[in-house]
Amino acid sequence: MGDPKGFLEIKSKPAGMRPIYERTDDYSEVEQVLNSEDRQLQASRCMDCGIPFCHWGCPVDNLIPEWNDLLYRGDWKGASERLHSTNNFPEFTGRICPAPCEHSCVLNIDGSPVTIRENEAAIVEKAFAEGYIRPNPPQVRTGKKVAVIGSGPAGMAAADQLNRTGHMVTLFEKDRKAGGLLRYGIPDFKLNKHIIDRRLKIMMAEGIEILTETEIGKEISGKELLKKFDALCLTIGAMHPRDLSIDGRELDGIHFAMDYLTQQNKVNDGAYVAYDNRITAENRHVLVIGGGDTGSDCVGTATRQGAKSVTQIEILPKPPEQRSADNPWPYYAKTLKTSTSHEEGCERRWSLSTLRFLGMQQRVTHAEVQEVAWEQVNGNHKMHVVPGSTEKIDADLILLAMGFVHPVHEGLLTEMEIGLDSRRNIQVNPEMLTNQEKVFAAGDAASGASLVVTAIASGRRVARKIDDFLSSDT
Ligand SMILES: Cc1cc2nc3c(=O)[nH]c(=O)nc-3n(C[C@H](O)[C@H](O)[C@H](O)COP(=O)(O)OP(=O)(O)OC[C@H]3O[C@@H](n4cnc5c(N)ncnc54)[C@H](O)[C@@H]3O)c2cc1C
Ligand code: SF4
């Protein structure tokens, strides 16, 4: 702890966002950066607590007080090394992590936590700019071969860790480019895709083979891979979206959020989409069903595409503005979150259930919704409809953003007869092994839809388990 009085003397100074009028005209990242001097002062606010609750809150166990101290002292290289010792990709989490660490920071008791996420991003960006992050291939190879299937943050982290240990790793990806939801789900205004390419280039230079446009279970069977590799790691994500099977679902203009977001990310990357297949909010009244992060990303994308209006509805009640008594610090605060996309303009409504979609000439024109009330029964939410509260919302583009239920089963999982748990995710034992010999699983595919930081943590854990398995063999 470089400055024992830092937390008393230095005020919290988040870098803030680009002005709304400017940022909604493009897909560049909305967040700004501080100059190095201010950033170091922000790091001096870390109190190096005896019990660092931030560390407890971080799923990858980032050594937050340690790298904050190095940052404060201007040792950017040391800070980057300490940061990378627990997190393979701080440039991703530094941009898009919801930062449970900051919720747990002791300074958050009075609402001004250390800017941990921003400090993390600043350290890794400086490290790239100064050339501290260079390919560092392993000196010794073990002769073991691992196939990692699915190149999202879990697959990338597993591949990176296994490669560092000396195993030969091939990372398979069915899409055109690697990155999983980082690339095709999360909009560019939250994470510029050059950030993913920069890291993938280093991973390839360190010896990882990345084969894109290769769907395992289709182009190559999983069983075929089992013959060629010493272990398989399934990190295929949880991509099966939750649907809304109500009247009118078949009308044109109703899409899953992922189809919509993926298309815009691909268009930003130069892909051509035929006019008839283009999903765009331009001049449309947009209704986003689902109040979470995916829905918020749809809101920001629709705003940039030139929507006439954007409304986001959620079936659950509006969260409280402040922590409730049963959700105290240092737990993650279950309070109302207003994202940068919400700030750019949209109507948000809660406690609305969607009854049916209405349309004309095969195109959706409205959604009929009804108010619901919630009460707590034995710790669970119980829903009642509010009589006489039915109404119609104008909408000629409807985006279904109600989350993901489990991984896609068709193809790889069916072919390999992979066992599933009660939520229909891949079942793994404490060794992260599936019901099939030599086949491990991690990330959203095993846990259900979660966060980038938990996917990285899971990828790191499975790499350790696979390494133990391969080492016990020799
Ligand atoms: C729109 C959206 C926004 C989000 N925003 C955030 C955010 O801001 N912050 C945050 O922390 N989290 C966010 N998340 C969640 C986060 O992106 C995921 O939890 C995380 O990406 C999961 O990582 P993963 O590696 O397990 O799977 P994924 O990222 O889903 O990657 C799985 C990969 O496997 C590939 N694949 C699947 N089957 C095969 C096969 N048979 N052969 C080859 N390849 C295959 C897929 O194409 C995909 O590339 C968001 C999610 C969505 C949908
Ligand atoms: S990865 Fe997320 S939780 Fe961990 S230190 Fe970074 S922002 Fe905080």
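- Using a 4.5 Å cut-off on side-chain heavy atoms (C-beta onward), Ile116 and Cys54 make contact.
- Counting all heavy atoms, side chain and backbone alike, Gly248 lies closest to Ile254 at O-CD1, 3.4 Å.
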CA sep, side-chain torsions, deciding dist, call: Leu433, Lys465, side chain to side chain contact (heavy atoms under 4.5 Å, CB included): CA-CA 8 Å; Leu433 195 57; Lys465 301 290 185 190; over 6 Å; no
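- With salt bridges taken as basic N to acidic carboxylate O contacts below 4.0 Å, one links Arg18 and Asp26.
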Trace of the side chain to side chain contact (heavy atoms under 4.5 Å, CB included) decision for Ile418 with Asn435: CA-CA 6 Å; Ile418 301 290; Asn435 62 331; 4.2 Å; yes
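- No more than 12 heavy-atom neighbours from other residues, nucleotides or ligands sit within 6.0 angstrom of CZ on Arg356.
- Across every non-hydrogen atom of Phe172 and Ala147, the tightest pair is CE1-CB, 3.7 Å.
- Cation-pi geometry between Arg304 and Phe189 is met: under 6.0 angstrom from the ring centre, within 45 degrees of the axis.
- Nearest heavy atom pair, residue Glu375 against residue His384, reads OE2-NE2, 2.7 Å.
- Using modelled atom types, no side-chain atom of Asn62 and backbone atom of Ile64 make a donor-acceptor pair closer than 3.5 Å.
- Counting only N and O atoms by type, the side chains of Gln263 and Asp259 include no donor and acceptor under 3.5 Å apart.
- What you find for Arg117 and Ala99 is that their closest heavy atoms are CB-CB, 4.1 Å.
- With respect to Leu232, the side-chain contact (heavy atoms from CB on, under 4.5 Å) criterion is satisfied by exactly one of Leu225, Thr434, Ile466: Leu225.
- Side-chain atoms of Glu415 come within 3.5 Å of backbone atoms of Lys223 as a donor-acceptor pair (strictly under, hydrogens ignored).
- Side-chain atoms of Lys438 and Phe469, non-hydrogen and from C-beta on, do get closer than 4.5 Å to each other.
- Lys266 forms a cation-pi arrangement with Tyr184, by the criterion of a distance under 6.0 Å to the ring centre and an angle within 45° of the ring axis.
- Between Trp374 and Ile315 there is a side-chain heavy-atom pair separated by less than 4.5 Å.
- When atom types are taken as modelled, the side chain of Thr365 and the backbone of Leu358 share a donor-acceptor pair closer than 3.5 angstrom.
- Summarising the local packing, CD of Glu250 is surrounded by more than 12 heavy atoms from other residues, nucleotides or ligands at distances under 6.0 Å.
- With Trp329 contributing its side chain and Ser104 its backbone, the two residues share a donor-acceptor pair below 3.5 Å.
- Taking both residues in full, the closest heavy atoms of Ile186 and Asp297 are given as CA-OD2, 4.4 Å, listed atom of the first, atom of the second, then distance.
- Within 6.0 Å of atom CD in Gln361, 12 or fewer heavy atoms from other residues, nucleotides or ligands are found, so the atom counts as exposed in its surroundings.
- Ring geometry for His406 versus His409: interplanar angle under 30°, hence parallel rather than tilted (30 to 60°).
- With Arg183 as reference, Asp197 is the one residue of Asp188, Asp269, Asp175, Asp197 to meet the salt bridge (charged side-chain N to carboxylate O under 4.0 Å, His left out) rule.
- A distance of 10.5 Å separates CD of Gln322 from CG of Leu336, quoted to the nearest 0.5 Å.
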Step-by-step side chain to side chain donor-acceptor pair (under 3.5 Å) determination, His366 to Asp394: CA-CA 5 Å; His366 295 86; Asp394 273 356; 2.9 Å; yes
Criterion side chain to side chain contact (heavy atoms under 4.5 Å, CB included) on Glu206 and Asp160, from CA distance to verdict: CA-CA 9 Å; Glu206 289 175 340; Asp160 196 30; 3.8 Å; yes
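- Ion pair Lys218/Glu410 not flagged as a salt bridge, since none of the NZ, NE, NH1 or NH2 atoms sits closer than 4.0 Å to an Asp/Glu carboxylate oxygen.
- Under the 3.5 Å distance criterion, with hydrogens and angles disregarded, no donor-acceptor pair is assigned to the side chains of Glu371 and Ser389.
- The structure places CE of Met156 at 7.5 Å from CZ of Arg199, a figure rounded to the nearest 0.5 Å.
- Considering CG of Leu355 and OG1 of Thr390, their distance stands at 5.5 Å, rounded to 0.5 Å.
- When side chains are defined from C-beta on, Met258 counts as touching Leu181, because their heavy atoms get closer than 4.5 Å.
- A side-chain contact (heavy atoms from CB on, under 4.5 Å) with Arg23 is found for exactly one of Gln32, Glu31, Glu343, namely Glu343.
- For the pair Gln312 (side chain) and Gly290 (backbone), a donor-acceptor distance under 3.5 Å is present.
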Evaluation steps, side chain to side chain contact (heavy atoms under 4.5 Å, CB included), between Phe92 and Ile196: CA-CA 8 Å; Phe92 305 154; Ile196 310 171; 4.1 Å; yes
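- Contact annotation: the side chain of Ile246 approaches that of Phe357 to within less than 4.5 Å [non-hydrogen atoms, C-beta and beyond].
- Using a cut-off of 4.0 Å between Lys/Arg side-chain N and Asp/Glu carboxylate O, Asp243 and Arg249 are scored as salt-bridged.
- Annotation: the span from Arg348 atom CZ to Ile313 atom CD1 amounts to 13.0 Å, rounded to 0.5 Å.
- Not one N or O on the side chain of Lys145 forms a donor-acceptor pair closer than 3.5 Å with the backbone of Thr170.
- Proximity of a side-chain donor or acceptor of Glu118 to a complementary backbone N or O of Ala15 within less than 3.5 Å is detected.
- Ionic pairing of Arg39 and Glu125 is not present here: no N-O contact between side-chain nitrogen and carboxylate oxygen is shorter than 4.0 angstrom.
- Between Val124 and His84, the closest side-chain pair of non-hydrogen atoms falls below 4.5 Å.
- In the model, Ser112 has no side-chain atom that pairs as donor or acceptor with a side-chain atom of Ser12 under 3.5 Å.
- Atoms CG and CD1, from Asn163 and Ile208 in turn, are 4.0 Å apart once rounded to the nearest 0.5 Å.
- The heavy-atom pair separating Gly345 from Thr303 by the smallest distance is O-OG1, 4.0 Å.
- In this structure, Gln161 CD and His167 NE2 are separated by 11.0 Å, a value rounded to the nearest 0.5 Å.
- Two residues are said to be in side-chain contact when any heavy atoms from C-beta on lie closer than 4.5 Å; Ile216 and Ile236 fail this criterion.
- Under a 3.5 Å cut-off, the side chain of Gln370 and the backbone N or O of Ser353 do not form any donor-acceptor pair.
- No donor-acceptor pair closer than 3.5 Å links the side chain of Arg278 to the backbone N or O of Val273.
- Using a 4.5 Å heavy-atom threshold, the side chains of Ile398 and Leu400 count as touching.
- Under a 3.5 Å cut-off, the side chain of Arg95 and the backbone N or O of Glu91 do form a donor-acceptor pair.
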